[in-house]
Amino acid sequence: MDDKHIVAVIDFGSQYTRLIVRRVRELGFNAKLYALEDLDQIADPGAIILSGGPKSTSDADAPDIDYNWLTSFNVPVLGVCYGMQLLNIKHGGTVKPGNKKEYGPADLIPCACEGLYQGVSPCSQVWMSHSDTVDRISDDCKVIARNKEGVPVSLQWSNQCFGIQFHPEVSHSIEGNTILRNFLAEADHLAPFDIGDFKNRMIREIRERVGDREVVCGVSGGVDSTVLAVLLHEAGINSRAIFVDNGLLRKNEAEEVRANFDRVGVKIEMVDASEQFLSALAGVTEPEKKRKIIGELFVEVFQQAVGTADMLAQGTLYPDVIESASNSKSKASTIKTHHNRVGKILELQAQGKVLEPLAELFKDEVRELGVSLGIPHDILWRHPFPGPGLAVRCPGAVTKERLDIIRECDAIFIGKLKEHGWYHKIWQAYAGLIPVKTVGVKGDERSYEFATNLRAIVSEDAMTADWVELPYSLLREISNAILNQVKGINRVLYDISTKPPASIEWE
């Protein structure tokens, strides 16, 4: 699979940029994300999409693009949010600060249900995320959609150049895929996307990059690292898989991981470093500091275990990269630092010693890749588990007592979901700890104990998420079981927050 006739997505720093690539792939076409510094790698695109971004076009350091270069390919161009505002300026229009930041659902009213809006409803919900707005447009510009206040939210400058103020790539834009499909219909001979071809390309690239060097893969038992380990095995390179027990795992996690890797034919080495991690986290309460301690210590423990191995392989996915904004070329804002994007990892990366074949993919794409590798369904559909483990489900100080409480609550919650057929209807579910003690009554006596928070969400890719409306009868059964069986808990709360504004994990 080469880059000829792909959809080139230019990254201006939006948290949703990679979603555009994912949506294009869902529509059956190959797409690739490019940093502004890498535009010289684009040789023969089939279409170009300019992403949104956190900057204002009036900022001194606002990202820019050469319009003559952009139009030299004579292919369809779509500007999204910041991308539309930039295109409007390039065509002689102006952009001004809005009266307020517009974030969330809005009504899209096409001027005509044709072209970009062929098959789109006369009034459709879309997702906005911007503060600036288009002010004046050029004479050659046509307004092709407005919001309910009559403000232009979609422009067209020629038969091949379009702009939209909203984000069609997020699931909250109800007919976003239809709009993207209509844009792609303007292009000729787009390259198709196939996960089998993608797998073969990754295997070739792994073999070329690794050669005869030894690669060590850190595995957690989660979907990402499992797929990575099997992919490395399939590539036939010299690799080892190491599982580090950091003391932050769920109940019986280590035993389950060992059994699952036996099933996929990958031998793993087990390292117990639980005491080291708990000691390093003692008294630490700030979330970012926790994550960095865990990430840095993991590298130290891992390096001790691997000895003289040449490369480290990680199951890093795109959401890890974009939320950490750790790519030196990234224009995105940092949301939180993921454990596999800390300083020591980035140092190794700069030395060419980190292998991250899955970093272009979302979770659902990794699962699709896993299917092509023959990994059993129940392993691929285990709920995601964060690299920092239960530490990010334990706000405040991390102690063995608190972790044990979380483990017991979580085991009951997940067990009840499986018992009642809800586990595989949910993207991710867990129990965490609210580190505030409240008064209760147990056995006719006063109790003074913690609360647990239950969280169950649905998502496509972890970039956005919605909470699950579990039946009250099930929540009652779960709550009763936890209150009766877990020492240290006298309240059970259910988290009904979406992402955004909340994140999936508490820290």
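Keep in mind that what you see is a predicted model, and the values were worked out from it rather than measured. Values reported hereafter were calculated over all heavy atoms of this structure, with side chains retained and with hydrogens, waters and symmetry mates removed.
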Worksheet item: So, are Lys363 and Asp224 salt-bridged, with charged N and O less than 4.0 Å apart?
Response: yes
Practice prompt. Could you tell me whether the side chain of Asp38 and the main chain of Tyr34 form a donor-acceptor pair under 3.5 Å?
Written response: no
Item to complete: Report yes if some heavy atom in the side chain of Ile434 is under 4.5 Å from a heavy atom in the side chain of Thr452; otherwise report no.
Response: no
Worksheet item: So, Arg491 versus Thr438: side-chain donor-acceptor pair below 3.5 Å or not?
Response: yes
Worksheet entry | Any Arg213 side-chain heavy atom under 4.5 Å of Asn238 side chain | no
Worksheet item: What are the two closest non-hydrogen atoms of Val21 and Ala31, and how far apart are they?
Response: CG1-O, 3.6 Å
Practice prompt. Give a yes or no on this: more than 12 heavy atoms of other residues, nucleotides or ligands lie within 6.0 Å of atom NZ of Lys442.
Written response: yes
Worksheet item: Is it the case that Ser447 and Asn490 place a side-chain donor and acceptor less than 3.5 Å from each other?
Response: yes
Worksheet, complete the sentence: One should read off an interatomic distance between Leu19 CG and Thr464 OG1, to the nearest 0.5 angstrom, of 7.0 Å
Worksheet item: Between Asp404 and Arg407, is the closest basic N to carboxylate O distance under 4.0 Å?
Response: yes
Practice prompt. Find out whether Leu228 and Thr316 are in side-chain contact, i.e. whether some heavy atom of one side chain is under 4.5 Å from a heavy atom of the other.
Written response: no
Worksheet item: If you draw a 6.0 Å radius around NE2 in His233, do more than 12 non-hydrogen atoms from other residues or ligands fall strictly inside?
Response: no
Worksheet item: Does Arg258 count as lying over the ring of Phe243, i.e. NZ or CZ under 6.0 Å from the six-ring centre, within 45 degrees of the axis?
Response: no
Worksheet item: Is it true that Tyr423 and His383 have ring centroids separated by less than 6.0 Å?
Response: yes
Worksheet item: Under 6.0 Å between the ring centres of Phe12 and Tyr82?
Response: yes
Worksheet item: Do Ile406 and Cys394 have side chains that get closer than 4.5 Å, going by heavy atoms?
Response: yes
Fill in: Any Leu417 side-chain heavy atom under 4.5 Å of Leu470 side chain
yes
Worksheet item: Just wondering, do Leu248 and Leu403 contact through their side chains at under 4.5 Å, heavy atoms?
Response: yes
Item to complete: Test Glu365 against every option in Arg25, Lys199, Arg23, Arg22 by the salt bridge (Lys or Arg N to Asp or Glu O under 4.0 Å) rule and name the one that passes.
Response: Arg25
Worksheet item: With no hydrogens and no angle check, is any side-chain donor or acceptor of Ser479 less than 3.5 Å from a backbone partner on Leu475?
Response: no
Worksheet item: Do the side-chain N and O atoms of Ser56 and Asp132 include a donor-acceptor pair separated by under 3.5 angstrom?
Response: yes
Worksheet item: Is there a donor-acceptor pair under 3.5 Å between the side chain of Gln125 and the backbone N or O of His172?
Response: yes
Discussion item. Less than 4.5 Å apart, side chain to side chain, heavy atoms only: is that true for Pro395 and Pro435?
Written reply: yes
Practice prompt. Measure centre to centre between the rings of Phe413 and Tyr430, then say whether the value is under 6.0 Å.
Written response: no
Worksheet item: Do Glu408 side-chain atoms and Ile405 backbone N/O form a donor-acceptor pair below 3.5 Å?
Response: no
Practice prompt. Supply the atom-to-atom distance Ser274 OG to Leu249 CG, rounded to the nearest 0.5 angstrom.
Written response: 8.5 Å
Worksheet entry | Minimum-distance pair of heavy atoms, taken over all atoms of Gly221 and Val257 | CA-CG2, 3.7 Å
Discussion item. Under a 4.0 Å threshold between the charged nitrogen and the carboxylate oxygen, would Arg201 count as salt-bridged to Glu205?
Written reply: yes
Discussion item. How long is the straight-line distance from CD1 of Ile379 back to CG of Asn260, given to the nearest 0.5 Å?
Written reply: 4.0 Å
Worksheet item: More than 12 non-hydrogen atoms from neighbouring residues, nucleotides or ligands closer than 6.0 Å to NZ on Lys425, yes or no?
Response: yes
Worksheet item: Any side-chain donor-acceptor pair under 3.5 Å between Ser225 and Ser220?
Response: yes
Response to the item:
Residues Trp467 and Thr498: closest non-hydrogen pair is CD1-CG2, 4.1 Å
Item to complete: Kindly confirm or rule out a cation-pi arrangement of Arg476 over Tyr472, judged by NZ or CZ under 6.0 Å from the six-membered ring centre and within 45° of its axis?
Response: no
Discussion item. I'd like to check Val210 versus Leu355 (side-chain heavy atoms, cut-off strictly below 4.5 Å). Are they in contact?
Written reply: yes
Worksheet item: In terms of side-chain heavy atoms, does Glu300 have a donor or acceptor partner in Gln276 at a distance below 3.5 Å?
Response: no
Practice prompt. Would you confirm whether Asp194, through its side chain, and Asp197, through its main-chain N or O, come within 3.5 Å as a donor-acceptor pair?
Written response: yes
Fill in: Ion pair Asp310/Lys353, N-O distance below 4.0 Å
no
Worksheet item: Shortest non-hydrogen contact from Glu505 to Val392?
Response: OE1-CG2, 4.0 Å
Discussion item. Please check if the number of heavy atoms outside Glu401 that lie under 6.0 Å from its CD is greater than 12.
Written reply: no
Worksheet item: Out of curiosity, Ile414 CD1 to Lys416 NZ, how far, rounded to the nearest 0.5 Å?
Response: 13.0 Å
Discussion item. Treating Arg393 as the side-chain partner and Leu433 as the backbone partner, does any N or O pair qualify as donor plus acceptor under 3.5 Å?
Written reply: no
Worksheet item: So, is the end of the Arg455 side chain (NZ or CZ) under 6.0 Å from the ring centre of Trp427 and within 45° of the ring's axis?
Response: no
Worksheet item: Backbone N or O of Ala359 within a donor-acceptor pair of the Glu356 side chain at under 3.5 Å?
Response: no
